[in-house]
Trainee: 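One structure is given below, represented as structure tokens, and several questions about it will come after.
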Number of protein chains: 2
Amino acid sequence: MPSSNIVPPARFSAQARLRALQSDIMELILDRELEPGDALPTENELCIALGVGRNTLRESLKVLQALGVIEIRHGFGMFVAPSNFEALADGLIFRARLSLRHHGLEALQLVDVRQALESGLIGSSMDLITAEQLAGIEESVVRMEELAAAGESFVDADSDFHSRLFEPLNNELLLNLLGVFWKVYRRIHTETGAGAEDLAAVAALHRNVYTAVAAGDKARAAQELTRHFDGIRRRISDAVAE
Amino acid sequence: MPSSNIVPPARFSAQARLRALQSDIMELILDRELEPGDALPTENELCIALGVGRNTLRESLKVLQALGVIEIRHGFGMFVAPSNFEALADGLIFRARLSLRHHGLEALQLVDVRQALESGLIGSSMDLITAEQLAGIEESVVRMEELAAAGESFVDADSDFHSRLFEPLNNELLLNLLGVFWKVYRRIHTETGAGAEDLAAVAALHRNVYTAVAAGDKARAAQELTRHFDGIRRRISDAVAE
DNA sequence: CGGTAGCGGATGTCCCATGTCCCCTGAGCG
DNA sequence: CGCTCAGGGGACATGGGACATCCGCTACCG
């Protein structure tokens, strides 16, 4: 029985305590009205303020960093971070790879979600698109076609194309989510070999999407996107079957 | 210049090393073909296998736990976890609360994404829905109406309604994402007070959605959902303005 | 034969020492 | 007078050890 021990403070499960600690740190940020870019107290100050050891604190800190809540700069300090979904991507990539060992279920679900997002929002994006942004999209298509003609893979240009497509919406969360899906897809892509794809055909599909967007034909744009996703789904199914 | 030092192992940035360590752990799981529920090696074994100290390892382990990749049970061991999006929710809740201090931009973006998902996928879900599932949806609506009549808030029933709506798709990723959005929304809801909402009107909106779904009218279902989201958007704007 | 106390192993928390990195400052130079 | 770069100091990174806590299993005792 700790007589003078001040801190046997309501022992919950370890897991709950860690989560509480993370919440405390986030509350502290909100309470002090820190903005993205502002510095947090040093590790030692936080240890004292929150009444935990440095290691325990650091474990929570690392989690918050992975969640994109804070940014840790070695040797300088910790700061409230701008958006960052890297960690989510890693988690999803892991799940997707795990599922590819079986039936690729999670990978296919991911394509479904991405399709709903892209097909569902392409219309709104087309309402807001500027001539300049449209030109940027075509540029991506051209780059894909060039790479396809040269027989080189063009994952970057492909990713670029889809980013630009939804840039007009000015929705960072959406772009982040799509970015995550892209990262997962890219991983699956290299994982499954996928060398046998028809580059020219893929480039042509994107050209079709561009044409529909440029013409302002929302229904056709959504439809062309859907065809694109059907191709992706087929490739995943093939990879799992093999 | 470390002469006899065996391990000056290609110093990258600290952040990169931590990420690499996480990847290594995930690779190890995939290499050993561990399934969800299987036990990982103990901390000490991993320390040796990966050549890092226990503290460093634990920081990565905690991150993986937060990402829902592994599950840590105090005093027993570590296991490959089933799906878990809790961490993502916490991160998003933080972002949303942070943004509410300004213009509520991220909160509104989140509603946009959710709307795209729900409006975009309601059609596919209606293709697959069974009579039983339909009855479950109506049950949720009835519960909401009862609670509205009693003047009580019905966040749970509301959340239930939306879950059931997309249950037929059998897409865990989607349900998880929507669950995350719900959690964030619920937090915002309590955060902004939001006591002044018209319970009966909200219940009626859901009744309209149910009616359209039961009638098999996809366009109307999507439209009713959109109206629902417009209401949410308005409430967020009001909360920020005040 | 059943319940329980003890044991072994694993994780949780913490401290300390040392290494590493980054920004800031000030002296030196053009 | 302004620019550049080396050094200082502060802060984070890493590793190891000690002790506390928790869980499941087993062997002892009633």
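Every value quoted in this text rests on a predicted model; they were computed, and no experiment measured them. All values below were derived from every heavy atom in this structure, side-chain atoms included, with hydrogens, water molecules and symmetry-related copies excluded. Every chain is numbered from 1 and lettered A, B, ... according to where its sequence line falls, protein lines coming before strand lines.
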Trainee: Of the residues in residues 61-75 of chain B, which ones touch DNA chain D at a heavy-atom distance under 4.0 Å?
Mentor: R73(B), H74(B), G75(B)
Trainee: Taking only residues two or more places apart in sequence or in another chain, which ones pass side-chain hydrogen bond (donor to acceptor under 3.5 Å, both in side chains) with N55(A)?
Mentor: N55(B)
Trainee: Could you walk me through whether I232(B) and R114(B) pass the side chain to side chain contact (heavy atoms under 4.5 Å, CB included) check?
Mentor: CA-CA 11 Å; I232(B) 295 178; R114(B) 199 185 134 199; 4.1 Å; yes
Trainee: Hey, could you give me the CE/CZ distance between M78(A) and R58(A), rounded to the nearest 0.5 Å?
Mentor: 9.0 Å
Trainee: Got a donor-acceptor pair under 3.5 Å from the side chain of R54(B) to the base of dG12(C)?
Mentor: yes
Trainee: Starting the side chain at C-beta, find the nucleotide from dC15(C), dT13(C), dA13(D) nearest to N55(B).
Mentor: dC15(C)
Trainee: What's the CE-P distance between M78(A) and dC22(C), to the nearest Å?
Mentor: 17 Å
Trainee: What is the distance, to the nearest angstrom, from the CG atom on L18(B) to the P atom on dG15(D)?
Mentor: 11 Å
Trainee: For L57(B) and dG12(C), what is the distance between atoms CG and P respectively, to the nearest whole Å?
Mentor: 11 Å
Trainee: Using whole Å, report how far CZ of F76(A) lies from P of dG10(D).
Mentor: 14 Å
Trainee: To the nearest angstrom, how far is R58(B) atom CZ from dA10(C) atom C1'?
Mentor: 10 Å
Trainee: Show your reasoning for whether salt bridge (charged side-chain N to carboxylate O under 4.0 Å, His left out) applies to E27(A) and R97(B).
Mentor: CA-CA 10 Å; E27(A) 291 295 336; R97(B) 290 177 68 191; 3.0 Å; yes
Trainee: Evaluate the ring planes of W182(B) and H162(B), with Trp represented by its six-membered ring, and classify them as parallel (under 30°), tilted (30 to 60°) or perpendicular (over 60°).
Mentor: tilted
Trainee: How long is the straight-line distance from CZ of R19(A) back to OG of S23(A), given to the nearest 0.5 Å?
Mentor: 6.5 Å
Trainee: Which residues in residues 28-46 of chain B have at least one heavy atom lying under 4.0 Å from any atom of DNA chain C?
Mentor: T42(B), E43(B)
Trainee: Rounded to whole Å, how long is the line connecting atom CD of E59(B) with atom P of dA13(D)?
Mentor: 7 Å
Trainee: Salt bridge between D160(B) and R143(B), side-chain N to carboxylate O under 4.0 Å?
Mentor: yes
Trainee: With D112(A) as reference, evaluate L169(B), L121(B), N171(B) under the side chain to side chain contact (heavy atoms under 4.5 Å, CB included) test and give the passing residue.
Mentor: N171(B)
Trainee: With a 4.0 Å cut-off on N to O distance, would you call D156(A) and R186(A) a salt bridge?
Mentor: yes
